[in-house]
> 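This structure is in C-alpha cells; I'll ask about it shortly.
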Amino acid sequence: MSIEEQLIENAKNGKVLTHKCTDCGHLHLSTVYYCLKCGSKGFEDVLLEGTGTIATYTIITVAPAGFEKYTPYAFVVINLDNSELRISGFMAGIATPADLPVGTKVKISDFDERGIIVEKQ
Ligand SMILES: [Zn+2]
C-alpha cells in the first residue's frame, strides 16, 4: 500500500498514521520522508487516535468546481491530542465562526474527494 492509501485507510478508521524517527524519536506525519529534526531516514510507524482540537480554520463559501455541493464547509487545522502534530481536514456544515469556536473537540471520521473529513466529538 502506498503512503497515500495508508493515510486514507487510517482516516476512514479515525486514525492518523505517523512516522516516528528511530534516531531521535521526533514524530512526523507519514508524508515526511526524512526527520525534520535530525535528518535521519529511519522511521517506525505509529498510529495515533485522530482526535484533537480546532487550532484554526477557513470557511469555504465559494468552492472549487465540483465541490459546490459541500458548501458551506471549513478547511480546518487540528492540534492532535497527545502529540505536537497538526493535521488538516475538512468539516461540513460550518457557515459562520459561531459554528466552530477555536478549541472545539473534533475527530477524524472519514476520507472523501476533499481529503480528511473531520466532525465534532
Ligand atoms: Zn530524528
Side-chain angles (χ1 to χ4, degrees):
M1 245 197 289
S2 70
I3 292 285
E4 178 75 0
E5 286 166 338
Q6 289 181 45
L7 189 144
I8 293 169
E9 191 78 3
N10 284 302
K12 287 184 170 176
N13 290 320
K15 309 270 188 191
V16 181
L17 179 66
T18 64
H19 278 174
K20 185 178 184 181
C21 177
T22 49
D23 286 342
C24 76
H26 196 66
L27 209 58
H28 308 74
L29 295 177
S30 59
T31 45
V32 170
Y33 292 94
Y34 62 91
C35 179
L36 298 177
K37 212 167 184 180
C38 75
S40 165
K41 286 183 177 167
F43 290 114
E44 60 183 8
D45 289 350
V46 175
L47 214 49
L48 294 183
E49 283 300 322
T51 59
T53 53
I54 294 291
T56 185
Y57 62 93
T58 303
I59 294 172
I60 298 170
T61 51
V62 181
F67 292 81
E68 297 90 346
K69 63 185 174 190
Y70 295 116
T71 56
Y73 65 101
F75 172 76
V76 300
V77 177
I78 305 161
N79 288 319
L80 285 178
D81 291 339
N82 309 316
S83 97
E84 292 173 0
L85 287 178
R86 287 183 163 194
I87 195 162
S88 55
F90 295 89
M91 215 166 150
I94 307 298
T96 74
D99 294 331
L100 192 63
V102 165
T104 298
K105 285 182 174 297
V106 295
K107 63 180 180 189
I108 293 173
S109 61
D110 203 355
F111 192 100
D112 69 18
E113 59 185 336
R114 288 170 292 177
I116 289 174
I117 303 303
V118 172
E119 64 184 28
K120 288 180 188 175
Q121 280 188 35

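None of these values were measured; they are calculated from a predicted model.
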> Does Tyr70 have any side chain to side chain donor-acceptor pair (under 3.5 Å) partners at least two apart in sequence or in another chain, and if so, which?
Glu113
> Report the C-alpha separation of Cys35 and Cys24 in whole Å, then their side-chain angles, then the decisive distance to 0.1 Å, and conclude whether the side-chain contact (heavy atoms from CB on, under 4.5 Å) test is met.
CA-CA 9 Å; Cys35 179; Cys24 76; 3.7 Å; yes
> Hey, could you give me the OG1/CD distance between Thr104 and Gln121, rounded to the nearest 0.5 Å?
10.0 Å
> So do the side chains of Pro97 and Tyr57 get within less than 4.5 Å of each other, counting heavy atoms only?
yes
> Start with the C-alpha gap between Thr18 and Leu47, add the side-chain angles, then the distance that decides, and say whether side-chain contact (heavy atoms from CB on, under 4.5 Å) holds.
CA-CA 6 Å; Thr18 64; Leu47 214 49; over 6 Å; no
> Check Phe75 against Ser88 and note the closest heavy-atom contact, atom names and distance.
CZ-CB, 3.5 Å
> Mind checking whether Leu27 and Glu84 have side chains closer than 4.5 Å, heavy atoms only?
no
> Is any side-chain heavy atom of Val32 closer than 4.5 Å to a side-chain heavy atom of His19?
no
> Could you give me the CA-CA distance, side-chain angles and deciding distance for Leu48 and Asn82, then say whether side-chain contact (heavy atoms from CB on, under 4.5 Å) is met?
CA-CA 8 Å; Leu48 294 183; Asn82 309 316; 5.7 Å; no
> How are the rings of His28 and Phe43 set to each other: parallel, tilted or perpendicular (split at 30° and 60°)?
perpendicular
> Can you find a pair of side-chain heavy atoms, one from Leu80 and one from Val16, that are under 4.5 Å apart?
yes
> Show your working on side-chain contact (heavy atoms from CB on, under 4.5 Å) between Val77 and Ile87 and close with a plain yes or no.
CA-CA 6 Å; Val77 177; Ile87 195 162; over 6 Å; no
> Report yes if some heavy atom in the side chain of Thr61 is under 4.5 Å from a heavy atom in the side chain of Thr71; otherwise report no.
no
> Honestly curious: do Ile60 and Ile117 fall in one hydrophobic cluster under the side-chain, below-4.5 Å linking rule?
yes
> Can you list everything that forms a salt bridge (charged side-chain N to carboxylate O under 4.0 Å, His left out) with Lys107? Sequence neighbours excluded, please.
Glu119
> Given side chains that start at C-beta, do those of Glu9 and Lys15 come closer than 4.5 Å, heavy atoms only?
no
> Mind checking what makes side-chain contact (heavy atoms from CB on, under 4.5 Å) contact with Gln6, not counting sequence neighbours?
Met1, Asn10, Leu17, Asp45
> Please determine whether the number of non-hydrogen atoms from other residues, nucleotides or ligands lying under 6.0 Å from atom CZ of Phe67 exceeds 12.
yes
> How long is the gap from CD1 on Ile3 to CG on Leu29, to the nearest 0.5 Å?
11.0 Å
> At what distance, to the nearest 0.5 angstrom, does CE of Met91 lie from OG of Ser109?
9.0 Å
> Nearest 0.5 angstrom please: Lys12 NZ to Ile108 CD1, how far?
13.5 Å
> With side chains defined as the heavy atoms from C-beta onward, is the minimum distance between Asp110 and Ile116 less than 4.5 Å?
no
> Atom OG1 in Thr51, atom NZ in Lys105: separation rounded to 0.5 Å?
7.5 Å
> Where is the tightest heavy-atom contact between Thr53 and Asp81, given as atom of each residue plus distance?
N-OD1, 4.5 Å
> Considering all heavy atoms of both residues, which atom of Val118 and which atom of Gly89 are nearest to each other, and what is their separation?
CG2-CA, 4.3 Å
> For Glu44 and Thr22, work out which heavy atoms get closest and say how close.
N-CG2, 3.9 Å
> If every non-hydrogen atom of Ile94 is compared with every non-hydrogen atom of Ile59, which pair is closest and at what distance?
O-CG2, 3.5 Å
> Would you name the heavy atoms of Phe90 and Arg114 that are closest together and state the gap between them?
CE1-O, 2.9 Å
